[in-house]
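These numbers come from the heavy atoms of this one structure, side chains and all, not from hydrogens, waters or symmetry mates.
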Amino acid sequence: MQRWYRLALAAGRDPSAIQPPGTVQQPTLPPPVEELCGDSCTSHHESLPDLRHGNFSCSTIAYQNIYVCMCIAKCDDGYQTEDAGLLFCNRGRWAPIQPKVVSTLVGVGRAADAMPNTDPRFFQHLGISDEIYADVALHILVKLDQVPNLPIVETYLDLISLDNIIDFDMMRQLLIWVGPTIDDIVANLDFLEVLSRLVTFGATRHPVCRNVVCGGDFENLVHGRVFSSTVTYKSEARVVCDRGYLPRHPSLTCTASGQWDKPALCDPVTCSIPEDPPHGSYLCQDHLFSDRCDVICDVGYLPETDDTLGCSWTGNWTAFRSGNTTEMENAATADAVIPQTLACVIADCGNITTLTHGDVTCTGTTYGETCHLTCMDGYKRLNQDNLTCQVHHVTAQAAWSQNPECIPVSCGVPPEFPNTVIQCASGHTYGNTCGVTCADGYEGTSHQTVTCHSTGTWSLQTGAFQPVVGGPDLFCQKKDCGILSSPANGSLTCSGTKFQDSCRLTCEPGYKVANESGHVFHSLHSFRCMASGHWSDKPG
């Protein structure tokens with residue numbers, strides 16, 4: 001026998017309590033606390049509230065040495081509870097509790113390492129999530145009464161939460177930051193007592209399994225309606241769509257979850273992709289009901305009509321006038337829809353109007369064809385001699401490249417001659433005739449007009465061409481005053497007899513220069529031929 005054992009016996013120690021020297025005495029744990037509400041958490045559920053159309057599934061949750069029985073209502077197919085349906089055994093009576101309260105309390109306990117089972121999946125069958133809710137966490141800390149700096153803790157909870165959810169690690173850091181006091185309080189709190197205090201948070205009631213009712217905002221179903229006599233489990237509803245739309249699922253069934261098994265939707269009728277017409281293609285918005293397709297023709301081709309295709313409720317394309325919304329709606333929803341297509345035809349510029357002073361010879365009148373313009377004598381082409389049928393890039397209309405036109409040739413300004421003014425009142429182009437006006441002292445010759453000839457040259461004659469060629473007096477010549485007769489006893493010496501010419505009279509001795517009226521002049525006096533064609537005086 002060991003000496004230390006003999007000494008312990010001699011001291012009157014209980015032999016069963018004697019330990020070897022150096023053994024650390026373990027603290028005595030309090031006996032486990034377990035609330036009993038019958039045998040619900042073992043095998044029998046007699047003490048649970050009566051649950052028609054359902055039953056309870058129960059499990060025990062441990063927090064340190066406190067064990068609490070929790071049960072979740074499980075309704076039969078076609079039935080559901082109005083709330084979570086979670087109960088816990090509270091001092092021998094069943095009390096409802098919100099799952100988020102238990103979830104948060106368990107999460108806070110895990111953060112303080114007070115939960116024997118830290119696997120969150122253990123609670124899933126009770127409808128308890130793995131979430132810590134900020135509002136519930138604050139409520140728990142308030143209920144503890146001994147939390148220091150509670151306003152600061154409340155602010156911190158708000159900062160670290162996202163949509164009222166707190167990350168587990170952030171919760172652990174919060175407990176560390178608040179201090180060892182709160183960590184110890186959380187680790188050793190009376191789980192059952194706290195649950196009892198939190199029963200009123202998000203107050204609920206004992207679960208009742210009621211008939212599942214499938215909802216749905218069928219009143220706002222676009223382009224359709226839903227018909228159903230009942231909306232309980234396994235009820236069927238019929239989807240009826242407006243003209244131009246088809247139900248994605250004609251029949252719906254109410255499921256045990258309270259949701260319709262399929263969505264109520266009306267999809268637009270689909271038209272097949274139209275086959276492109278010869279010499280063109282379709283440009284479509286899409287291929288659904290009321291969508292439009294315009295025809296785009298190849299270069300040199302134009303739409304046969306001013307129509308657009310519309311996808312009708314029958315799934316066929318039909319035509320209506322472009323830009324007419326009302327006609328399009330009527331055509332797409334008409335009782336009888338005639339399938340139609342659009343066509344591209346070669347652009348036609350049409351015949352050219354007969355010209356007054358020219359002629360046009362064409363290879364044809366459609367796109368790419370040409371016309372040659374020939375003008376009559378005296379006329380010339382305003383533009384090029386060839387015209388081409390083309391399609392305007394802006395108006396998308398067929399037109400000739402230019403307007404054929406023959407205009408009179410121009411002879412330009414008539415030539416100038418001394419003492420002559422040629423006046424062209426009607427212009428200088430072919431067929432126009434200009435008159436001649438002579439200056440004072442001059443009179444017209446036999447040529448008193450000039451005419452613009454077809455060759456673009458001035459002519460002295462109308463019709464036959466006679467070039468305007470001649471001296472300075474071609475149109476205007478000096479007036480002739482005639483020959484003066486020499487008087488008796490004198491003789492005349494003249495420079496000529498025409499305008500601006502003069503004569504000087506030389507008298508015999510004993511006689512003086514005078515006119516026929518006897519008026520005496522200076523001996524150097526000259527008799528002049530005036531602009532009127534008469535002499536200024538006649539010698540006497």
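- Across all non-hydrogen atoms, the minimal contact from Cys311 to Thr270 is SG-C, 4.4 Å.
- The two residues Pro99 and Gly127 come nearest to each other via the heavy atoms CB-O, 3.5 Å.
- Under the rule for a side chain to side chain donor-acceptor pair (under 3.5 Å), Thr449 has no partner lying at least two apart in sequence or in another chain.
- Listed here is the closest heavy atom pair of His447 and Gln466: CE1-NE2, 4.1 Å.
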Show every donor-acceptor pair shorter than 3.5 Å between a side-chain atom in residues 249-266 and any protein atom, with sequence neighbours excluded, or say none if there are none.
from, atom 1, to, atom 2, distance (Å)
Thr255, OG1, Ser257, OG, 2.9
Thr255, OG1, Gln259, O, 2.5
Trp260, NE1, Gly215, O, 2.7
Asp261, OD1, Thr253, N, 2.8

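- In this structure, a donor-acceptor pair under 3.5 Å is present between the side chains of His125 and Ser59.
- With sequence neighbours left out, the side chain to side chain contact (heavy atoms under 4.5 Å, CB included) criterion links Gln423 to Val421, Thr437.
- For the cysteines Cys69 and Cys89, the sulfur (SG) atoms lie at a distance of at least 2.5 angstrom from each other.
- Put simply, the side chain of Trp458 gets close to the backbone of Gly412: a donor and an acceptor are under 3.5 Å apart.
- For residues 387-415, no residue pair satisfies the side chain to side chain donor-acceptor pair (under 3.5 Å) rule, not counting sequence neighbours.
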Determine all donor-acceptor pairs shorter than 3.5 Å in which one atom belongs to a side chain in residues 240-248; sequence neighbours excluded.
from, atom 1, to, atom 2, distance (Å)
Asp242, OD1, Arg225, NH1, 3.1
Arg243, NH1, Thr333, O, 2.9
Arg243, NH1, Asp335, OD1, 2.7
Arg243, NH2, Asp335, OD1, 3.4
Tyr245, OH, His223, NE2, 3.3
Arg248, NE, Asp267, OD2, 2.8
Arg248, NH2, Asp267, OD1, 2.9

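- Scanning for side chain to side chain donor-acceptor pair (under 3.5 Å) contacts around Tyr379 gives His357, with sequence neighbours left out.
- In summary, the side chains of Thr451 and Thr462 do present a donor paired with an acceptor at a separation below 3.5 Å, with no hydrogens or angles considered.
- By the side chain to side chain donor-acceptor pair (under 3.5 Å) test, Glu236 is found to be paired with no residue, residues two or more places apart in sequence or in another chain being considered.
- A side-chain donor from one of Thr429 and Asn432 sits under 3.5 Å from a side-chain acceptor of the other.
- Here CD1 of Ile166 is found 9.0 Å from CG of Leu138. Values are rounded to the nearest 0.5 Å.
- With rounding to the nearest 0.5 angstrom, the CZ atom of Arg292 is 12.0 Å from the CG atom of Asp286.
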Note to self: The test is disulfide bond (SG atoms under 2.5 Å apart); show your working for Cys434 and Cys424 and say whether it passes.
What the structure shows: CA-CA 4 Å; Cys434 304; Cys424 302; 1.9 Å; yes
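- Residue Phe88 holds its CZ atom at 6.5 Å from CG of Leu192, rounded to the nearest 0.5 Å.
- Residues in residues 362-376 take part in these side chain to side chain donor-acceptor pair (under 3.5 Å) pairs, two or more places apart or across chains: Asp348-Thr365, Thr363-Glu369, His372-Asn386.
- Residues satisfying the side chain to side chain donor-acceptor pair (under 3.5 Å) test with Asn383, not counting sequence neighbours, are none.
- Every residue was checked against the ring-ring contact (aromatic ring centres under 6.0 Å, His included) condition with Tyr282, not counting sequence neighbours, and none meets it.
- Taking Phe465 as the reference, His453 meet the ring-ring contact (aromatic ring centres under 6.0 Å, His included) condition, with sequence neighbours excluded.
- Applying the side chain to side chain donor-acceptor pair (under 3.5 Å) rule to pairs touching residues 305-321 yields Asp294-Thr308, Thr305-Asp307, Thr308-Ser322, Ser312-Thr314, Thr314-Asn316, Thr318-Gln340, Arg321-Glu327, sequence neighbours excluded.
- Not a single donor-acceptor pair under 3.5 Å links the side chain of Thr104 to the backbone N or O of Val101.
- Between Arg110 and Asp130 there is a salt bridge, since at least one side-chain N of the basic residue sits less than 4.0 Å from a carboxylate O of the acidic one.
- In summary, Lys100 and Glu131 do not engage in a salt bridge, as defined by a charged side-chain N under 4.0 Å from a carboxylate O.
- Cys375 contributes atom SG, which lies 6.0 Å from atom CZ of Arg381 (distance to the nearest 0.5 angstrom).
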